[in-house]
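Beneath this line is the structure, given in structure tokens, with notes to follow.
Chain letters run A, B, ... following the sequence lines, proteins first and then strands; every chain starts at 1.
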Protein chains: 2
Amino acid sequence: MTKKPVLSDVAARAGVSMMTASRALRGAAEVSDRTREKVMQAARELGYVPNRIAGALSSHASNLVGVVVPSLESLVFPKVLSGISAALEGSPLKPFVGVTGYDLDEEAEVIREMLSWKPSGLIVAGLEHSEAGRRLLEGAPCPVVEVMDVDGTPVSHCVGISHRQAGHDMGREIVARGHRRIGFIGTKMPQDFRARKRLDGFTAALTAAGLELAATDTYSGGSSVEQGRNLTAAMLERHPDLDCIYYSSDLMAIGGLMHCLASGLSVPDDLALAGFNDLELLRGMPVRLATTDSHRHEIGRRAARIVLERRDRDASPAIEALTPTLSPGESL
Amino acid sequence: MTKKPVLSDVAARAGVSMMTASRALRGAAEVSDRTREKVMQAARELGYVPNRIAGALSSHASNLVGVVVPSLESLVFPKVLSGISAALEGSPLKPFVGVTGYDLDEEAEVIREMLSWKPSGLIVAGLEHSEAGRRLLEGAPCPVVEVMDVDGTPVSHCVGISHRQAGHDMGREIVARGHRRIGFIGTKMPQDFRARKRLDGFTAALTAAGLELAATDTYSGGSSVEQGRNLTAAMLERHPDLDCIYYSSDLMAIGGLMHCLASGLSVPDDLALAGFNDLELLRGMPVRLATTDSHRHEIGRRAARIVLERRDRDASPAIEALTPTLSPGESL
DNA sequence: GTGAAAGCGCTAACAT
DNA sequence: ATGTTAGCGCTTTCAC
């Protein structure tokens, strides 16, 4: 084992040409079983690991699918990723992940970096990009799928839900349940376009019912139970008459629930609560919180499927809008 | 824009040789400022995206760091990843992630796949591998860092905590608090070696105090609040006299807490609870749960730093054992 | 400071 | 079914 063996070493040991060895290792059809076995055997004995870099350069196909997400710490994008992995299972494609930290310039950088690896596909969270980012996506020599959101103008393919609709549906449901003094707690909007769209849809639903938001609070940084709990306490301090709060995430809504538990407020009688995403976490909580399933796993699956299908074919843009599913739970 | 521009196009447009263009784009020192500007300009105008595949093949250096984790859905590995990203920030190295699903054969596959991309480093969760996986790691032509755990024999570098100690410390603490009828709820051990080590340490601490576990329950599949709640209910049904339960994860412990809330048990008076990991989630819960900080972010940071430092230098294996930090919270 | 030649390790395209 | 010839797009020498 003085040096890493390369294909020619395998070929030599098996007594065939490089080409035959190459074909055998990749499972091409036109190799006799006997030859294939010899080659496999030689590769095994040498501990041969193919050099995909050389392979990709030569074949102009990397079998990598770039996945660009804002963060991995939030429970939401990992689920998309698992959908992607599931759909790619059994295919030669492998996902590789880039994280942007909710920064569009960084996103463009990540996309650029990914393109430099000649991916077979690109899956990007969100429809909002920097000028540079969008240009890169438009010029990408591979299928591009924007995921999570369908409210906007995709570069090409798109799989997601309408966050506006998700917010609107929840607003209507809350109004229908008779709540009138309604607050909203969400992330500082600039960094989260989808949360902003949910808020827009939500307020539109209130407006349609002749209502308006009684209170709004935003925070920067990630969602967390603690944050949700603190902001809920603060909001109720200022607006003791609120009868419902809509949160931009389940995690925050759980915080709200924790505040209610701690201060003896009954949910939903004293205060109704609703979140977003349908995190698994909600199951097991003392009160089943109202939420909207954003179908993250399914979105990932479908996006990956689009990449698989459009690899060769010509690409007529596919737009797949899933329906956000509202679960009223027991908290409205 | 009929075809993607390549380096020679940039060079031609800038009126220099490929070599000069290459050097200018990579920021090599021996290029005059004027030439560099011309090249940069040309690249910008053409929308040039370098082909790292060609670059890596030629230079035998990919600037990729492979990160192999069992799962991304659990809140624990994303945190390690963020530590890795943070440490790699500003360096030319980029992490790329592979997920094994807690399956050692799959792990070997993933490692093999990663090696085929000629990474500059490999960061792998855990010390347990299949024969094949271990061989691959041993022969890897790049720094290899095993993370999370230090109870075992690393292939090379290693950063983590002793899970045995984490379990032992918690066991001692629980005993010191006067608990005597103690249960354990954890994942089915085969798939989670670290949880098993914590249990070993935990029972050792009990034994040292002349105690033994009064009840044990294991489950397969991921940790979840719901699972924790259900298993806690079931365990208390069978063993109503328990005064403490140790869980293999915070998520499960939260489930236990939720059960207590729902059934009017006071924590810790009726039942003491302890988890593991120190998830952010714990902050904001009505009772601050006892847990152990596994320093996941820091582990990621250090692992990445090792890769950065050992890139060139000769590799004398570094073993960095961090101390698991126990927080008793209010639940013991 | 810049350029020319050679080749990284593999595979596509054509033989045979 | 197997082999031969080129060449992917870049970087590493080594010249100048």
*Would one find a side-chain N or O of A:Thr20 under 4.0 angstrom from OP1 or OP2 of D:dG3?*
yes
*Tell me, for nucleotides 8-16 of chain D in 5' to 3' order, what letter each nucleotide earns: B for a base near a protein heavy atom under 4.0 Å, S for only sugar-phosphate near one, - for neither?*
BBBBB----
_d(CD, B:Glu37; P, C:dG1) in whole Å_ = 17 Å
*Check ion pair B:Glu37-B:Arg34 (N to O, under 4.0 angstrom)*: no
*Length of the CG-C1' vector between A:Asp9 and C:dG9, whole Å*: 11 Å
*Tell me, yes or no, whether the heavy-atom count around A:Glu131 atom CD, taken from other residues, nucleotides or ligands under 6.0 Å, exceeds 12.*
no
*When you get a sec, tell me which of D:dA1, C:dA4, D:dG3 is the closest nucleotide to the side chain of A:Val16?*
D:dG3
*Gap between atoms NZ and P, on A:Lys4 and C:dG9 respectively (whole Å)*: 13 Å
*Do the side chains of B:Leu25 and B:Pro50 get nearer than 4.5 Å, heavy atoms only?*
no
_Please determine whether a side-chain nitrogen of the Lys or Arg among A:Arg134 and A:Glu107 lies less than 4.0 Å from a carboxylate oxygen of the Asp or Glu._
no
_For A:Ala132, side chain to side chain contact (heavy atoms under 4.5 Å, CB included) partners two or more places apart_ = A:Ala108, A:Ser130, A:Arg135
*Is the shortest heavy-atom distance from the side chain of A:Lys79 to the side chain of B:Glu73 under 4.5 Å?*
yes
